[in-house]
Number of protein chains: 2
Amino acid sequence: MPVQLNDCPVEIVLSMLSGRWKIPIYRFLYKNNKPIRYSELQRHLPSISKKILTEQLRELEHDGIIERKSYPESRPRVEYRLSLSGRSMIVFLDKISDWGERYILSEKRGMQQN
Amino acid sequence: MPVQLNDCPVEIVLSMLSGRWKIPIYRFLYKNNKPIRYSELQRHLPSISKKILTEQLRELEHDGIIERKSYPESRPRVEYRLSLSGRSMIVFLDKISDWGERYILSEKRGMQQN
DNA sequence: CAGGATCCGTTTAGATACTG
DNA sequence: CAGTATCTAAACGGATCCTG
């Protein structure tokens, strides 16, 4: 039997963001703030394979962070964008970023208290 | 060649917290707010093996989140506690927790806008 | 007591080829 | 265009036994 993820909200949220490409995908969708095509994501993340891109998008969609809309035209088109709740993650992502910048600076200075 | 982790601070910080037991360990050290022995951690995390516990502690120590102090007495004793910078992670961990609680509530209500 | 060493199954990422 | 399917390799977590 697998060890179940406990019910700590932090662990649940972190697990939703764990995946090699989820933050890069998030950042790209956040910055552009409009529906983005599958092929645009692929072009923007040069070293990702289709299998992985699709996998990460499916997981983000399953967790309600992004929304997917398919336009089955002669040239099939699929667009992704952040959901409202996904977009609201920025409140803590910004805090993480701030902490990270400080941490990285401290490291470079040799961790002198600051 | 491994794909390098890019220089996004969010990715760096999240990678420091990725590991099955890092948040549970963090929470225990944070809550107690004093040096905690290896065996206490082990008792508090019943389903963790020594190998994994040691691994996760080493990584947290390497990333400057916790500090390790060894007392080589007749009965060897090792204590762990959060570093100052580790303890300061609480500012974003609390935000993640808040977001998670809201997200979980929304999920239970069926994602009605809120 | 607090590990280290070894082995092993699962998960994750990636390369490549094929398809509606 | 936007995926599947298949295969391989590396990372991760865990069980078990050994040790200063």
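In what follows, chains carry the letters A, B, and so on, assigned in the order in which the sequence lines appear, proteins first and then strands, with residues in each chain numbered from 1. In what follows, every heavy atom counts, from backbone to side chain, and hydrogens, waters and symmetry copies are set aside.
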If you compare every side-chain N and O of [X] against the phosphate oxygens of [N] (OP1, OP2), does one of them come in below 4.0 Å?
X	N	answer
B:W21	D:dC12	no
A:Y80	D:dG3	yes
A:R58	D:dG3	yes
A:S39	D:dA2	yes

Of the non-hydrogen atoms in [X] and [Y], which two are nearest, and what is the gap between them?
X	Y	result
B:F92	A:I96	CD1-CG1, 3.5 Å
A:Q56	A:W21	OE1-N, 3.0 Å
A:E40	A:F28	O-CE2, 4.3 Å

Original post:
A:Y71 near the nucleic acid: base, sugar-phosphate alone, or nothing, with a heavy-atom cut-off under 4.0 Å?
Top reply: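 Result for A:Y71 = nothing.
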
Original post:
What nucleic acid atoms does B:Q56 come within less than 4.0 Å of, heavy atoms only: base, sugar-phosphate, or nothing?
Top reply: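 Since only primed, P, OP1 and OP2 atoms lie under 4.0 Å of B:Q56, the category is sugar-phosphate.
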
Nearest whole Å is fine: how far is [N] [atom2] from [X] [atom1]?
X	N	atom1	atom2	result
A:R68	D:dC1	CZ	P	16 Å
B:Q42	C:dA2	CD	P	8 Å
B:L53	C:dA5	CG	C1'	17 Å
A:E73	D:dA2	CD	C1'	13 Å
A:R75	D:dG3	CZ	C1'	15 Å
A:I36	D:dC1	CD1	P	16 Å
A:L57	D:dG3	CG	P	7 Å
A:H44	D:dA2	NE2	P	17 Å

So which nucleotide from [options] ends up closest to the side chain of [X]?
X	options	value
B:V78	D:dG3, D:dC1, C:dG3	C:dG3
A:R20	C:dC1, C:dG14, D:dG14	C:dG14
A:R37	D:dG20, D:dG3, D:dC1	D:dC1
A:I52	C:dA13, D:dG3, D:dG14	C:dA13

Original post:
Where each residue is assigned the nucleotide of DNA chain C containing its nearest heavy atom, which of A:S49 and B:E79 is assigned the position nearer the 5′ end?
Top reply: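 Upstream on the strand: B:E79.
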
Original post:
Is a side-chain N or O of A:T54 found less than 3.5 angstrom from the main chain of A:K50, in a donor-acceptor match?
Top reply: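 The answer is yes, because a donor-acceptor pair under 3.5 Å joins these two groups.
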
Original post:
Passes side-chain contact (heavy atoms from CB on, under 4.5 Å), B:W99 versus A:I90? Steps please.
Top reply: CA-CA 10 Å; B:W99 188 93; A:I90 197 68; over 6 Å; no

**OP:** Could you pick out which residue, A:K51 or A:R77, lies toward the 5' side of DNA chain D when each is mapped onto its nearest nucleotide?
**Re:**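 The residue closer to the strand's 5' end, by nearest nucleotide, is A:R77.
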
